[in-house]
Novice: 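Pasting in a structure now, in structure tokens, and then I'll have a few things to ask.
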Amino acid sequence: MSRAAKATRRYPVVESKPDFAAIEAGVLEGWERGGIFQASVDQHPAGAGEYVFYDGPPFANGLPHFGHLLTGYVKDIVPRYQTMRGRRVERRFGWDCHGLPVEMETEKALGISGQKKIVEYGIDRFNAHCRASIGKYTGEWERYVRGQARWVDFKNDYKTMDLSFMESVMWAFAELYRKGLVYESYRVMPYSWAAETPVSNFETRLDDSYRERQDPAITVRLELEPRDGDETKTSILVWTTTPWTLPSNLAVAVGPEIDYAVLELDGERLIVGAAARGNYEKELAGAREVGLVKGAELVGRTYRPLFAYFADRDAFRVLAGDFVDTEEGTGVVHMAPGFGEDDQRVCAENGIEVVCPVDEQGRFTAEVPDWQGLNVLEANKPIIAELKRRGVLVRHDTIVHNYPHCWRTDQPLIYRALSSWYVKVTAVRDRMVELNQEIAWIPEHIRDGQFGKWLEGARDWSISRNRFWGSPLPIWRSDDPAYPRIDVYGSLDELERDFGVRLDDLHRPAVDSLTRKNPDDPTGKSTMRRVEDVLDCWFESGSMPYAQVHYPFENKDWFESHFPGDFVSEYVAQTRGWFYTMMVLSTALFDRPPFKNAICHGVVVDENGKKLSKRLRNYPDPEEVFATVGSDALRWYLCSSPVLRGGDLRVDREGKGIAEMVRLVINPIWNAYSFFCLYANADGIEAEPRTDATGTLDRYILAKLRALVEDVQRDMDGYDIAGACASVRSFLDALNNWSIRRSRPRFWKTEHDQDKREAYDTLYTVLCLLCRVAAPLLPLMTEAIYQGLTNEKSVHLTAWPNADELPADPELVADMDLVRAISSVALGLREDKRLRIRLPLAGLTVAGADAARVAPFAELLRDELNVKDVRTETDLHAFGDFDLKLNARALGPRVGKRMKELLAAARGGDWKRTDDGIRVADLDLEPGEYELAFVPKAESQGSAIQAVPGAEVAVVLDVRLTPALEQEGLARDAVRLIQIARKQAGLHVSDRIRLRITANDESQQAVGAHADWVREQTLAESLSFEAPSGYVHEAELAGATAAIGVEKV
RNA sequence: GGGCCUGUAGCUCAGUUGGUUAGAGCGUCCGCCUGAUAAGCGGGAGGUCAAAGGUUCAAAUCCUUUCAGGCCCA
């Protein structure tokens, strides 16, 4: 046989529907064996061309979920792309080691809880346990990160508990202090009494921290001190959901612009927000309205204290508050400045001092002797009972509301005044707002929306935590207020200078043991001791850009020339978290933004828009997805979706949407590859990269490929990953469903001629380049394909393709796309007439001004549409008429108000051709202001006519049948059945066969008349109408059963 | 209460600086095609572009208000 070369097999034997997950696993192994990741980084030198990527440190506890995977994919795609663009992109993984989560877990593991117990247990042992627990989840993280094919440097990672990291954090703190940006203050903060620590803004917002809780909601009356002229006892009604704060009540607030009704009931006057009156229908039944006053008129009045504990204070006044509303409660807000942020602020503005009779564990102190030692939440009940006994309780309800809980201990938080250290964010706020303008946010609205607005409203940041496992506050203070002194340290050297000790661990308790005599105390009795608090761990993650390189103690030049970083990506809520803390510290320390580009992606939710929850199992298991449909399909699913534009992404429970990506993207690209391998192996051809093929199909797909490279490059440079996915997908369609499909005969023809060679070389070139372009988006599949095609080490070690090396041919692309449109219309006409495509038709005429453009493709159209003859005809008038279509966009600005009238005229046919164009009504049109749309005549003389949308061309199909055409159609039907038989018999596409057919006379005559052609099409060495042998396939042909026997030669 | 985002086909979403008859994928129905692709192609049905008002010759697009959902802040 002529295909002797079949023996050589240069390309893998590729299954058409392989186990993609297994292929991916193989690629992952290969990468590890070959050290490909490291090689991809190392191939570009460090220095000026570096692309700086900041990987935000996740908490080193808890397992990753779909949201993390999405972030991970984004964090992988961009660095892979930049690497291919020639940049060195290091990807150090970071671990956030400190903070409450670790401490709480350790408390649980040790079976101890509370500050006292920890101190008793020993801070050194406690912290040693914290340190040891850090490694617990790292294994799982690494497994997920590996499974998603994300390239990350775990070996050269950084940890926030490393000495070098902590020293940089210490430096940053001292630097802020020296700039006057750190101060201590006594303030109300969210506080976890169970964990005995204040909680940062951010921590109150972590998943599930807001939860429904049932609380009492009580309304009490406060008796106003009489004013001159008051005869009747007057009370004001206040509402609260925290009765335990009433003993600390020092004021009430009203809205100055809000209307308050003065009601008379049973001889007493009651004041309540006019709009809130409806909330108390029962209690106020029978009340008579005797007046209506603005809140402002009430401001300044005083009332009798509800409890005696603080009755000696200068307080108990009605104040104005801008936060008061009448939606809930009475429109009058009770103020306990020790337990509410608004309360504290408004009271401070009015000279009312804070009282805070609650201890660290949330129990009343001796200042409230009646309930001393009782947890405040448990004190609600007896307090309400007391109020009832005294007859001041107007109403007692319970309400179910969203209330913040300590995310570690699960106990409700309280708000409580305490002493804390602050970063004076307000001092750099305006500058942050300015620097933020230099950051490119994706999506864009984040810049002036969610992030920008948050910056504008930035408040000072509480950074001290009364805990154990964290970076120490590097503040030493005199223990005798008579001789005050504060020292803040910014390095190990400075500590060594003053304390004579070189620490190799900055954690407590070692750092606490550093003390010295207070130099400012002539008596020599007082001692400098460290302020015991540790830093908020968000201060550490915000310090990551410089702390990970131990700036300024090491890498000084590098950092200063590589800051801000190029790229970060996290989910949108990090505008309050990591993005924000980086911004604060970067602005305060360096007067620069911390990064140049940021992708804020949205949240992955379930099919009903609910949060993903492990407990509800409302999402597919990621590892299961890796193992079945594969990581690349998941990557594509997540990264081609609107979640990258900041919206939500709904994932159905079974992961059908993910599996769909296999069908839409993975399969098509794999099919193109397997097609190539199948025929190249059969032909024994080794293809060469080249871009100079002459055939129109080749030039077409090469030009499309050039556009693809340009498009994806543009998309990726703009961090539009979803756009890049869309570009790749539309290219795949042109490749598979036009270029390859139309080229098939070129691959399976017998002659090894120039055309065949070009077909192989072009397809090979296109596939190789497609792999490179799609490599960041489908790193595993493109790797498998690229290696199969080239035997090279890795597609990820190649450079980004240069579009200029591919031929540009916009005209050809436009013409070919017109050919595709014409085909589409012609196939539509066939369907209208119920003329199957295997039935040849006599002819097709392409008529109109654009017809000349498709003349070179007549052969292609003939084959695609199965017609005997394709003609082009520039004159359309024989086939129909034209409608005038005005281009409103072009014409509108010129004619303005007349537009409507002209549109009506054009539609109504009130127009004519003039010597040099078109005149509608009395107006001459300029070129570009109109189009002529062809309207075909009703069909005549056996023709079907249809205009092609978007072009000045119409398709005229000859629908007249002849016996010869019908016979040929029948022969084609027979060939189709023979091909099915071949496939069912399990034959290879290049196997030769003996063919035996029995069918009705009509069919046998048809096959006989085209015997040569049938044999050629089916690789049959012989054809006879005998009783079939070998594999026999029975099917209907020309209304009777035909039996087809194929037998391998 | 405030800020930001979203609301377009049964579902998921596009829709450029306003421009004529609002698109794609999935699903569905009908048909076609197949020597890689249990795949592909063509077509049909399916929309008061959340609602109302305004600006304009012209509004899914701009403005105002309202409604619904999400995120965040209070």
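Quick note on labels: first sequence line is chain A, next is B, and so on, each numbered from 1. The basis for the numbers below is simple: all heavy atoms, side chains too, and nothing from hydrogens, waters or symmetry mates.
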Novice: Could you tell me which nucleotide pairs with B/C4 by Watson-Crick or G-U wobble geometry, both distances under 3.5 Å, or answer none if nothing does?
Specialist: B/G70
Novice: Considering only NZ, NE, NH1 and NH2 on the basic side and carboxylate oxygens on the acidic side, decide whether A/R976 and A/D973 come within less than 4.0 Å.
Specialist: no
Novice: For B/G54 and B/A14, measure between their C1' atoms and round to the nearest Å.
Specialist: 28 Å
Novice: Would you say A/N737 reaches B/C41's phosphate, i.e. side-chain N/O to OP1/OP2 under 4.0 Å?
Specialist: yes
Novice: Measuring from the side chain of A/R836 (C-beta onward, heavy atoms only), which nucleotide among B/C33, B/A36, B/G25 has the closest atom?
Specialist: B/C33
Novice: Give the nucleotide from the list B/C32, B/G3, B/U37 with an atom nearest to the side chain of A/K983.
Specialist: B/U37
Novice: Choose from B/U34, B/A36, B/A74 the nucleotide whose nearest atom is closest to any side-chain atom of A/R741.
Specialist: B/A36
Novice: Nearest to the side chain of A/L1019 - B/C33, B/A36, B/G35?
Specialist: B/G35
Novice: Is the backbone of A/D720 close enough, under 3.5 Å, to the side chain of A/D715 for a donor and an acceptor to pair up by distance?
Specialist: no
Novice: Please tell me which of the listed nucleotides, B/C41, B/G25, B/G35, lies nearest to the side chain of A/L664?
Specialist: B/G25
Novice: Whether A/R459 contacts B/A74 is assessed here as follows: a side-chain N or O lying under 4.0 Å from the phosphate OP1 or OP2. Is that the case?
Specialist: yes
Novice: Among B/A74, B/U34, B/A36, which nucleotide sits nearest the side chain of A/R838?
Specialist: B/U34
Novice: Any side-chain N or O of A/R744 below 4.0 angstrom from OP1/OP2 of B/C33?
Specialist: no
Novice: Let's see if you can work this out: which of B/A36, B/C33, B/G3 has an atom nearest to the side-chain heavy atoms of A/I837?
Specialist: B/C33
Novice: With a 4.0 Å cut-off on heavy atoms, is A/I980 in touch with a base, just the backbone sugar-phosphate, or nothing at all?
Specialist: nothing
Novice: Identify the nucleotide, in any strand shown, that forms a Watson-Crick or G-U wobble pair with B/U12, with both distances under 3.5 Å; if there is none, say none.
Specialist: B/A24
Novice: Picking from B/C32, B/U37, B/U34, which would you name as closest to the side chain of A/N671?
Specialist: B/U37
Novice: Is A/R742 salt-bridged to A/D863, going by a charged N under 4.0 Å from an acidic O?
Specialist: yes
Novice: Give a yes or no on whether the backbone of A/A759 and the side-chain of A/T762 come within a donor-acceptor separation of less than 3.5 Å.
Specialist: no
Novice: Just checking A/R663: base, sugar-phosphate only, or nothing, at a heavy-atom cut-off of under 4.0 Å?
Specialist: sugar-phosphate
Novice: Out of B/A36, B/G35, B/G25, which nucleotide sits closest to the side chain of A/R729?
Specialist: B/G25
Novice: Distance check: side-chain N/O of A/Y679 vs OP1/OP2 of B/A36, anything under 4.0 Å?
Specialist: yes
Novice: Just by distance, no angles: are the side chains of A/Y760 and A/D683 close enough, under 3.5 Å, to form a donor-acceptor pair?
Specialist: yes
